[in-house]
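Some notes on the structure that comes next.
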Amino acid sequence: MREIKPLFLIALLRYLYPDQITAQYIKHYFLLSFVFDARNKVPVKPYPACPDQGITFYVRGDLFSEIPGIKVSEKRARSVIMGQNTCRHNLYPPNDYIMFHVRFQPGAFYQLFKIPMTEFIDQNIDAELVLGNVIKELNEQMANTKNPEDFQFIFERFLWKKIGQAKDFIHPVDKIGGLILNCPQNFRFETYANLACLSISQFERTFTRQIGISPKFYARICRFYQAYGLKQQCPHLSWLTIAIQTGYSDYQHLVKDFKQFSGNTPNSLITESEHAPERVLGYTDFSATGLFHRI
């Protein structure tokens, strides 16, 4: 009788949430740990453009990634600052893997560290090189922690110090990224510039510095990813229905965004996503309410 090889031996996936104070800066934490059977190759994770910026800690195992459109590949550092993705990435995790991702609220990384997010577009830059020894210490503490769910506490001790050092108050423009993220189909330059108490040109410059890209482009990525997540959560919905519900004028405009931001058609991207590691492990990682993550 033929032996059936198990795909994985151990798996853990958790969304962890900050308290009320840190929630001003952190949207959520994402913890993923697995050990795949060594006789099986871990599936590739297709990662299209998405409205997610933060710091990712690769606690165990080396992650490799590539941008297939321009054939750029890299081995990720132990921890990286993740900027705004505007194109498709393919991620290649190892068989034995633990990662911890800190997803910042839109614009919050800039508020805390005062580094323009234009420096990080489509990049995952070594966090130790940017933020120094404090990140090296976090890497070592996480590597020596037996319970991965303690990663949140380890990171928040560092975060509380940064929040205490922050001198600026929350300005109206700081909230615009979150408004666009939650309802990208309602984006209007004049409306959001008025909410930010800025002229249109001032609003665009300030937003681009905080997020990395223009508000209009950010709204397009948010809308695309909302459609992608809705199909994952409600596969019975037709693409035309999804296009209408997420604010596209017609199905063809939705297809255009899918090709630009994922390098593939809507159905092909969904098919690829079904083979991603977390899907093989039995987890669903999308919801219409916006729980996005990367591995």
Side-chain angles (χ1 to χ4, degrees), residues 13 15 26-32 44-56 63 65-69 72 76 80-93 99-109 117-118 120-125 177-185 187 207-208 210-233 242-243 246-248 254-266 268-270 272-274 276-279 283-295:
L13 183 151
Y15 283 104
I26 305 299
K27 191 166 183 63
H28 64 245
Y29 304 97
F30 176 68
L31 170 64
L32 177 63
V44 176
K45 165 74 174 181
Y47 193 73
C50 83
D52 184 359
Q53 302 173 0
I55 301 177
T56 305
L63 182 78
S65 68
E66 68 172 354
I67 302 177
V72 172
R76 297 276 172 87
V80 299
I81 298 171
M82 184 191 79
Q84 175 61 56
N85 280 353
T86 66
C87 62
R88 161 77 172 265
H89 293 240
N90 287 333
L91 307 181
Y92 300 87
M99 62 77 66
F100 180 68
H101 177 59
V102 182
R103 184 185 180 190
F104 282 78
Q105 296 284 5
F109 185 91
M117 292 307 291
T118 49
F120 302 103
I121 298 173
D122 287 317
Q123 296 190 66
N124 294 269
I125 296 177
L179 294 176
I180 297 175
L181 174 66
N182 292 329
C183 200
Q185 50 270 56
F187 174 75
F207 186 95
T208 301
Q210 291 185 346
I211 302 296
I213 57 177
S214 74
K216 183 176 181 180
F217 195 25
Y218 182 70
R220 281 187 60 202
I221 290 175
C222 291
R223 183 177 62 174
F224 151 75
Y225 210 76
Q226 189 180 76
Y228 179 34
L230 183 57
K231 184 64 173 180
Q232 291 275 24
Q233 186 187 42
I242 288 174
T246 52
Y248 284 94
L254 179 146
V255 172
K256 180 181 177 181
D257 274 1
F258 266 75
K259 288 183 177 180
Q260 177 174 347
F261 296 134
S262 77
N264 222 326
T265 62
S268 295
L269 179 60
I270 293 297
E272 286 182 299
S273 299
E274 289 298 316
E278 69 277 5
R279 303 287 287 184
Y283 295 107
T284 301
D285 62 329
F286 291 91
S287 79
T289 57
L291 292 181
F292 310 129
H293 79 264
R294 74 185 312 163
I295 66 168

With a 4.5 Å limit on heavy-atom distance, are the side chains of [X] and [Y] in contact?
{"X": "Y228", "Y": "S273", "answer": "yes"}
{"X": "L63", "Y": "Y92", "answer": "no"}
{"X": "I180", "Y": "P106", "answer": "no"}
{"X": "E274", "Y": "Q232", "answer": "yes"}
{"X": "L269", "Y": "K231", "answer": "no"}

Should D52 and Y47 be marked as a side-chain contact (heavy atoms from CB on, under 4.5 Å) after you check the CA-CA gap, both sets of side-chain angles, and the distance that decides it?
CA-CA 11 Å; D52 184 359; Y47 193 73; 3.8 Å; yes
Please report the closest heavy-atom contact between G54 and H101, naming both atoms and the distance.
CA-CE1, 4.2 Å
Of all heavy-atom pairs linking P266 and L254, the shortest is CG-CD2, 3.6 Å
Before giving the answer on side-chain contact (heavy atoms from CB on, under 4.5 Å), spell out for Q123 and V80 the whole-Å C-alpha distance, their side-chain angles and the decisive distance to 0.1 Å.
CA-CA 9 Å; Q123 296 190 66; V80 299; over 6 Å; no
Going by the rule ring-ring contact (aromatic ring centres under 6.0 Å, His included), which residues pair with F207 if we only count those two or more places apart in sequence or in a different chain?
F203, Y218
So, using ring-ring contact (aromatic ring centres under 6.0 Å, His included) as the criterion, who are the partners of F224 when residues are at least two apart?
F258, F261
Looking only at the side chains, is there a donor atom on one of D257 and Y248 sitting less than 3.5 Å from an acceptor on the other?
yes
Is the closest side-chain donor-acceptor distance between N124 and H89 under 3.5 Å?
no
So, taking the atom named [atom1] in [X] and the one named [atom2] in [Y], what distance separates them when rounded to the nearest 0.5 Å?
{"X": "L13", "Y": "L31", "atom1": "CG", "atom2": "CG", "value": "7.5 Å"}
{"X": "E66", "Y": "N90", "atom1": "CD", "atom2": "CG", "value": "5.0 Å"}
{"X": "F120", "Y": "N85", "atom1": "CZ", "atom2": "CG", "value": "13.5 Å"}
{"X": "I211", "Y": "I121", "atom1": "CD1", "atom2": "CD1", "value": "11.0 Å"}
{"X": "I81", "Y": "Q53", "atom1": "CD1", "atom2": "CD", "value": "11.5 Å"}
{"X": "Q105", "Y": "I26", "atom1": "CD", "atom2": "CD1", "value": "8.0 Å"}

Would K259 and T265 satisfy side-chain contact (heavy atoms from CB on, under 4.5 Å), going step by step from the backbone distance to the final call?
CA-CA 6 Å; K259 288 183 177 180; T265 62; 4.0 Å; yes
Kindly confirm or rule out a cation-pi arrangement of R103 over F30, judged by NZ or CZ under 6.0 Å from the six-membered ring centre and within 45° of its axis?
no
Under 3.5 Å: donor-acceptor pair, side chain of D122, backbone of T86:
yes
Non-neighbouring partners of Q260 that pass side chain to side chain donor-acceptor pair (under 3.5 Å), sequence neighbours left out
R220
Tell me, with the steps shown, if R76 and T56 meet side-chain contact (heavy atoms from CB on, under 4.5 Å).
CA-CA 10 Å; R76 297 276 172 87; T56 305; over 6 Å; no
